[in-house]
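Notes to accompany the following structure.
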Amino acid sequence: MMKTFKQLALASTMLAVAGTAAFAAEIKVGSVAGVTGPIAELVVPIVAGRQLAADQINAAGGLLNGDTLTMVLADSQCDPKAGVDAGTKVVNVEQVVAIVGASCSGATNGMVQSVTIPAGVVAISDSATAPSITDLDDNDLVFRVAASDAYQGSALAQLAWNNGYRTLAMTYANDDYNAGLAGVFEVSFKALGGTITANQMHEPNKASYRSELSTLSGNGAEGLAIFAYYGGSGIAIMRNSLEAGLFEKFLAADGMFDQSVIDQIGADVLRENIMITQAASDYDDPSYLAFANAFEATGHSPQAPYAAHGYDATFLIALAIEKAGSTDRAAISAALREVANPPGVVIRPGEWAKAKAALAAGQDVNYEGAVGQNDFDDNGDVTGLFSVNVVGTDGKWTGDLIR
Amino acid sequence: MDQLYGYFLYGLSLLTFGGIYAMLTLGLNIQLGFTGLFNAGIAGFFVVGAYVSAILSTAESERHLGGFDWPIPASLVAAMLVSAVIGWAVARISIRLRADYLAIATLGIAEILRLTFKNETDLTNGARGVSYIPKPYENMPEPWNQILMAAVVLAIVAVLYFLLERARKSPWGRVMSAIRENEGSARAAGKDVDRLRVQAFVVGAAMMGLGGGMMAHYLKFIDPNAADPTTATFLVFVMLIVGGSGNNKGAILGAILMWTIWSATEIFTSMLPGDLAIRSAYVRVFLIGLMLQIMLQKFPDGLLPEKRLQSSDSR
Amino acid sequence: MTVLELDNVTGGYGETEILHGISLKVDPGEIVVIIGPNGAGKSTAMKSVFGLLNLHGGRVMLDDEDITNTPPEKVVRKGVCYVPQTGNIFPNLSVHENLEMGAYVRRDDFSGRLDDIYQIFPPLVEKRNQPAGTLSGGQRQMVAMGKALMLEPKILLLDEPSAGLSPKYRGEIFKVVRDINEAGTPILMVEQNAKQALGIADRGYILVDGQNRLDDTGKKLLANKEVAEMFLGGGSVPAKKTAARKTKPKARAKARGKSKQ
Amino acid sequence: MIDFINFYLIPGIVLGSIYALGAIGITLTFGILRFANFAHGEMMTLGAYLTLTMMWLTGWHPLVLLPVAMVLLALVAVGVDQVFYRPFRNSPAVVVVIASFGLMLMIRSVTQFSWGAQLQAFVPGIQRPTIFFDVLRLQPKHIIIITSAIVLMGIVHYLLTHTRIGKAMRAMSDSPELARLTGIDTELVIKATWILGAATAAAAGVFLAFDSHVSTMMGFQILLPTFAAAIVGGIGRPYGAMAGGLLIGITEELSSYPWIGDVPLLSPGYKAGVSFAIMVAVLIWRPSGLFRGRVF
């Protein structure tokens with residue numbers, strides 16, 4: 001009885017709080033992500049990263065005149081149909097002022113081409129990396145903080161070359177992200193003078209990859225470059241290779257960058273044997289640390305792929321709203337490049353109060369995010385920094401920025 | 001005011017999506033509702049239609065086969081034809097299979113088709129998809145572009161409905177339902193049952209191809225994920241069953257209603273805070289499954305039950 | 001006392017009515033045969049005992065117990081065994097397993113009964129471990145009957161046991177039917193081979209169009225002129241036409257389907 | 001040659017054993033309840049997650065916990081049957097199949113909601129193979145999977161041929177109508193079917209997870225090959241399902257063997273298509289399956 005009463009009391013308090021919140025203005029930003037679907041496991045920390053930015057901003061004074069930044073989640077399922085539907089909902093029903101997302105390149109392509117570009121809503125994707133997004137005819141409405149595969153592919157090739165690899169086998173999951181990345185890698189590595197002994201596409205989510213790996217292992221490759229999501233096929237491929245004794249050394253890109261790779265394969269086996277490029281987290285960089293400490297406190301790993309990107313994309317939108325001084329969609333889109341690129345007062349993750357003060361004083365700001373400088377080029381892309389990550393003595397990934 | 005306008009535009013999108021799905025449910029209705037063919041490979045015809053129409057209508061691209069620049073109506077007709085031809089081939093080899101077997105065979109064939117579009121990268125840009133698919137009236141000012149898009153879709157659905165109702169009441173339609181009700185007696189009456197079934201299958205496949213093509217134009221982008229069996233096959237079944245299998249009005253109603261539910265429930269679940277909003281995405285799928293169960297158990301004939309032409313018993 | 005009695009039974013599948021008031025009875029120790037043209041409702045009448053169709057009216061009595069609309073699995077437990085015309089064995093089970101399944105509802109030791117059955121049907125002994133589906137038509141019929149007899153039923157219902165058999169086997173089957181009956185089991189049987197069936201029957205019923213037409217002892221029916229015209233020499237054409245006119249399309253289709261089998 | 005055995009044949013047999021266990025449940029429900037159960041894949045997933053949870057609680061080996069998982073999953077299956085399948089006993093197959101599709105969505109979302117979308121593993125780390133005769137590489141877990149699968153199939157065989165209820169199941173699969181006429185308690189047989197199907201599904205899920213990892217989509221991802229195994233083996237034929245599972249598993253792996261030259265015969269991108277292609281071919285040219293199952 002007492003318990004019920006307490007619950008009632010609690011509920012009514014919450015209602016009251018919600019009531020007051022409704023009176024204060026609320027500024028909605030769409031948070032479009034593939035919550036269900038093939039990369040569901042990757043999306044959870046990304047959405048948490050976005051939410052962390054919003055929470056920090058609200059705690060440090062909110063947007064404009066103390067308005068609350070609300071992230072409206074919509075599921076794009078990694079499917080262009082769902083991407084278009086999610087975009088339509090957040091743009092029209094929720095009347096969001098801007099969008100973070102979508103997750104997969106396919107869903108992003110559908111959403112921006114069919115909905116957000118015609119509607120004049122700016123969208124920053126935090127994880128769509130397909131080169132096709134670069135050359136969209138987008139009226140400067142499509143941005144991304146995730147570097148195009150074109151950058152990461154060549155960064156990984158360079159890294160392999162610098163570390164003495166001359167012959168490599170490679171395999172990629174047949175999806176929009178990995179196929180693109182693998183293509184760039186192959187061209188770049190060959191251009192450096194390297195040899196690809198075998199390049200094999202694979203279908204993700206199969207139970208076993210032993211036969212594919214056996215085919216790849218011929219011709220004396222020094223290592224295997226894997227382009228896959230860790231959950232879809234990456235871990236299975238590494239496990240199959242190691243268990244069958246086919247490959248010992250691996251190169252991979254950020255779809256494979258997750259603590260569960262180490263947890264599931266084992267730190268001892270992987271130490272010295274794997275290098276993963278990841279979009280830009282210089283772990284000593286104050287920007288990254290500011291994000292990482294706060295994110296860790298929410299119970300998520302700051303190293304989760306694209307979680308920091310989610311944070312940065314959200315923070316950038318908030319800065320653009322503040323800079324624009326209104327919730328006008330066109331003004332926000334126009335302000336975005338100014339707050340992201342130099343010159344201006346350097347703003348790091350978590351420094352919302354500082355940014356607000358600087359903008360109020362009429363100063364320019366330049367956001368230096370958790371994933372790097374986040375300077376947008378003419379296409380709305382970032383060059384992105386990449387780090388090379390290896391397994392540290394503590395059984396966690398440790399990274400160094402590639403210069 | 002903005003908010004009302006927003007609801008209006010969202011409503012148009014529901015009608016457009018729902019209308020495109022209605023092309024799929026009407027196609028399925030010919031096969032399952034009228035003739036009793038359990039085609040579980042809707043996604044296969046959908047993906048064929050989508051890619052054919054996309055590739056024929058896009059400008060030249062180095063990423064995929066293209067550069068034909070066909071006008072949209074012509075590419076849609078081509079999508080229907082190619083779907084129909086593939087439907088004919090599928091029907092030829094599998095039409096004699098009964099119920100479940102046909103379902104599994106067509107499901108397998110649909111997956112093979114999807115894998116083909118995913119793997120033949122030179123033709124289709126593989127998993128990376130086809131961009132810049134033209135959309136009808138996209139250069140008109142808002143909201144006219146969206147109104148006209150929805151109008152085109154609904155007009156096509158209306159034409160299909162009209163034609164199907166004509167067909168249903170024609171001698172051909174009567175024979176079809178006779179086959180479904182009692183194959184033995186239809187055969188005994190000298191009807192070439194297999195040939196009629198193939199016809200129904202082909203017509204249904206063509207409509208599914210049209211739906212796929214329309215979807216590609218609406219999304220302006222298509223990739224193999226759009227033909228995921230969950231949203232391109234099973235959801236269509238749910239729509240038809242909820243609307244009323246065998247009833248063309250029911251098929252259309254089911255498509256628009258279920259799409260609205262599928263889409264609009266998220267507006268409510270996304271109000272939940274943080275982690276709960278993510279988890280509620282799973283709950284949403286659970287509720288859709290539960291709703292299907294309740295419909296099947298309590299209203300097995302759907303919202304608009306079939307009006308049978310002959311007085312006969314279901315078993 | 002009567003073992004089984006149908007009292008003015010009407011009914012059919014779903015809403016289609018096939019039986020328009022059938023009455024018949026089987027007394028202890030009797031062989032009773034139902035004959036009639038195609039679509040007359042012979043098999044349907046038999047199925048009505050077994051709760052396999054919707055009865056709209058009338059009663060089915062077993063030993064003074066009302067078993068109207070009792071589901072088949074319960075009717076079996078009351079001691080009625082039914083051998084359908086087709087699909088009367090489990091083709092993928094061995095002969096022996098088929099017989100064991102016949103005794104499914106028995107909880108006691110039935111090994112003695114198994115020996116009895118193998119004695120009644122000696123050809124089954126060497127085939128006992130073969131899948132029943134691989135047997136010849138006559139042997140299958142033996143398996144089907146043997147399976148039904150495993151329960152030592154109060155009454156045995158046979159639906160056209162001789163259908164599709166060669167004349168040699170047909171004779172054998174009728175002999176077995178008589179043997180079973182002489183061992184004490186009353187039998188109700190539907191037959192197309194009116195002459196042979198009435199030859200072994202104590203009494204016979206002639207059904208036309210879902211209704212009783214004639215009933216009498218087997219001998220008298222054999223001698224009846226009308227019967228001879230309808231079933232023994234002439235065709236069954238006139239009766240078929242009347243049946244076709246009155247029943248609904250569905251029933252017609254069923255009847256036609258049946259005649260093709 | 002030895003590579004062929006190590007990297008194609010043995011993985012094929014491991015995969016085939018898993019498919020075979022899954023296919024037993026599919027073929028039994030198909031044969032006895034007469035519908036294609038799309039929720040079977042999610043049952044496998046649920047079995048793996050139940051085992052994983054018990055491993056967290058007890059720290060025991062998954063193989064020890066498997067019997068418990070089988071019992072739990074059997075309870076779930078029987079419960080689900082009572083609520084969601086029983087009302088459809090006399091409905092056409094299409095309706096039941098759609099109901100099973102709805103159930104598939106429901107079970108999957110329950111799994112995702114309860115355990116989250118994150119990937120999990122039974123045993124972290126990798127297992128190096130034991131090398132026999134210098135060349136034959138066998139991993140302990142693969143030996144465990146293959147032998148356990150053989151033992152389980154032996155048990156299934158015993159149940160189906162030597163117990164009253166097992167024979168009744170086969171009888172009902174042969175002819176449900178006649179089974180009723182024979183007095184077989186069909187509801188009891190249906191319960192037994194769900195129990196046996198769930199137990200083998202739990203084994204398939206656990207072995208799959210043991211070989212790779214636990215994820216919420218794992219069961220669905222092997223559902224279609226499992227269907228293929230059931231159909232190739234002949235519906236309602238548990239032995240056929242076992243053989244079909246092995247056949248599908250091995251062919252999938254062998255399809256990408258460099259039979260001609262040193263490129264894979266078929267791009268591994270089409271690997272998933274191989275089982276469907278075999279299945280469609282069998283359906284069309286030999287619909288009773290390779291082992292002469294029932295056609296209806």
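We name chains A, B, ... by the order of the sequence lines, and we start the count at 1 in each one.
With a 4.5 Å cut-off on non-hydrogen atoms, D:Val95 touches chain B through its backbone and its side chain both. Only the side chain of D:Leu224 has a heavy atom closer than 4.5 Å to any heavy atom of chain B. Using a 4.5 Å cut-off between heavy atoms, B:Phe234 contacts chain D through both its backbone and its side chain. For a residue to count as touching a neighbouring chain, one of its non-hydrogen atoms must lie under 4.5 Å from one of that chain's; by this rule D:Val96 does not touch chain B. Residue D:Phe113 touches chain B through both its backbone and its side chain, counting heavy-atom pairs closer than 4.5 Å. Using a 4.5 Å cut-off between heavy atoms, D:Ile231 touches chain B through its side chain atoms alone.
The greatest number of non-hydrogen atom pairs below 4.5 Å with chain B, out of D:Gly273, D:Ala99, D:Ala228, is found for D:Ala99. Of the residues considered (B:Gly36, B:Ser245, B:Gly289), B:Gly289 shows the highest number of contacts with chain D, using heavy-atom pairs under 4.5 Å.
By the neighbour-count criterion of 12 heavy atoms within 6.0 Å, atom CZ of D:Arg89 is densely surrounded, having more than that number from other residues, nucleotides or ligands.
Among all heavy-atom pairs drawn from D:Ile98 and B:Phe237, the shortest one is CD1-CD2, 3.6 Å.
In this structure, B:Arg128 has no side chain to side chain donor-acceptor pair (under 3.5 Å) partners at least two apart in sequence or on a different chain.
A heavy-atom distance below 4.5 Å is found between the side chains of D:Phe30 and B:Ile104.
Residues of residues 290-299 of chain B that come within less than 4.5 angstrom of chain D, heavy atom to heavy atom, are B:Leu290, B:Leu292, B:Gln293, B:Leu296, B:Gln297 in numerical order. Among the residues in residues 106-124 of chain B, those with a non-hydrogen atom closer than 4.5 angstrom to a non-hydrogen atom of chain D are B:Leu107, B:Gly108, B:Ile109, B:Glu111, B:Ile112, B:Leu115, B:Thr116, B:Asn119, B:Glu120.
Separating the CG atom in B:Leu287 from the CE atom in D:Met106 is a distance of 8.5 Å, to the nearest 0.5 Å.
Within the structure, side chain to side chain donor-acceptor pair (under 3.5 Å) contacts touching residues 242-251 of chain D (residues at least two apart or in different chains) do not occur.
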